[in-house]
Amino acid sequence: MPPEQPKQPKRPKVDFKNVRAEAGHLIREHRRTLAIGLGLMVVNRLAGLVIPAMPKFLIDDVIQGGRPDLLMPLVAAAAGAAVLQAITSFTLSQVVSIAAQGAIAKMRKDVQAHVLRLPVSYFDSTKTGVLISRIMTDPEGIRNLVGTGLVPLIGGLLTAIIAFGILMTS
């Protein structure tokens, strides 16, 4: 007879209506930072499309067209796009990281304030380590929404749409 597997505790059902409402509240609360991040991301993605476009001009205009005078402007455009992309990437990561850290800190304060209002019987039945772990790790999920999740997702979609548009018009 095989040994019995320990029963996994049932996970509570997720209330997606509440999740959407909380996510919407977080996005509205940080809309200025997210707007700055989206603007930086658009500039970053457009600058990132400059270098892949360079071979067309290099081959068609400089090599086949016999216009070596266009080589230096092409190199300058590529260098400028690379520098612009580096600056916007750094600035974007700083802006979004600061917003995510602020949201996480606020959420931790809110969770801790809620826990402190719970009845004493709750503290008798719950281990301290579990409570501290929940207060510290649960708000980290916000980073995926405000921080490293939403802006790169929109950036990837924007890049795909622009690249698709370029492919369809060429």
**Student:** Between T159 and G155 (side chain of the first, backbone of the second, donor and acceptor by atom type, cut-off under 3.5 Å), is there such a pair?
**Tutor:** yes

**Student:** Once rounded to the nearest 0.5 Å, what's the spacing between atom CD of Q112 and atom CG of L131?
**Tutor:** 10.0 Å

**Student:** For residues 72-92, run the donor-acceptor check on the side chains, cut-off 3.5 Å, and write out each pair with its distance to 0.1 Å, sequence neighbours left out.
**Tutor:**
| residue | atom | partner | partner atom | Å |
| --- | --- | --- | --- | --- |
| T88 | OG1 | N44 | ND2 | 3.0 |
| T88 | OG1 | L84 | O | 2.9 |
| T88 | OG1 | Q85 | O | 3.1 |
| S89 | OG | N44 | ND2 | 2.6 |
| S89 | OG | Q85 | O | 2.9 |
| T91 | OG1 | I87 | O | 2.8 |

**Student:** For the side chain of R31 and the backbone of R28, is there at least one donor-acceptor N/O pair under 3.5 Å apart?
**Tutor:** yes

**Student:** Determine whether a donor-acceptor pair (N or O, by modelled atom type, separation under 3.5 Å) exists between the side chain of S97 and the backbone of Q94.
**Tutor:** no

**Student:** Distance check, rounded to the nearest 0.5 Å: R45 atom CZ versus L49 atom CG?
**Tutor:** 9.0 Å

**Student:** Taking L38 as the starting point, is it possible to reach L40 by hopping between hydrophobic residues whose side chains are less than 4.5 Å apart?
**Tutor:** yes

**Student:** Please report, to 0.1 Å, the donor-acceptor pairs under 3.5 Å made by any side chain of residues 56-63, with sequence neighbours excluded.
**Tutor:**
none

**Student:** Check whether I162 and V43 end up in the same hydrophobic cluster, where Ile, Leu, Val, Met, Phe, Trp and Tyr are linked by side-chain heavy atoms less than 4.5 Å apart.
**Tutor:** no

**Student:** With the 4.5 Å side-chain cut-off for hydrophobic clustering, are I166 and V42 part of the same group?
**Tutor:** yes

**Student:** Using a 6.0 Å cut-off, check whether atom CZ of F123 has over 12 heavy atoms from anything other than its own residue.
**Tutor:** yes

**Student:** Nearest 0.5 Å, what's the CG-CE distance between L158 and M41?
**Tutor:** 5.5 Å

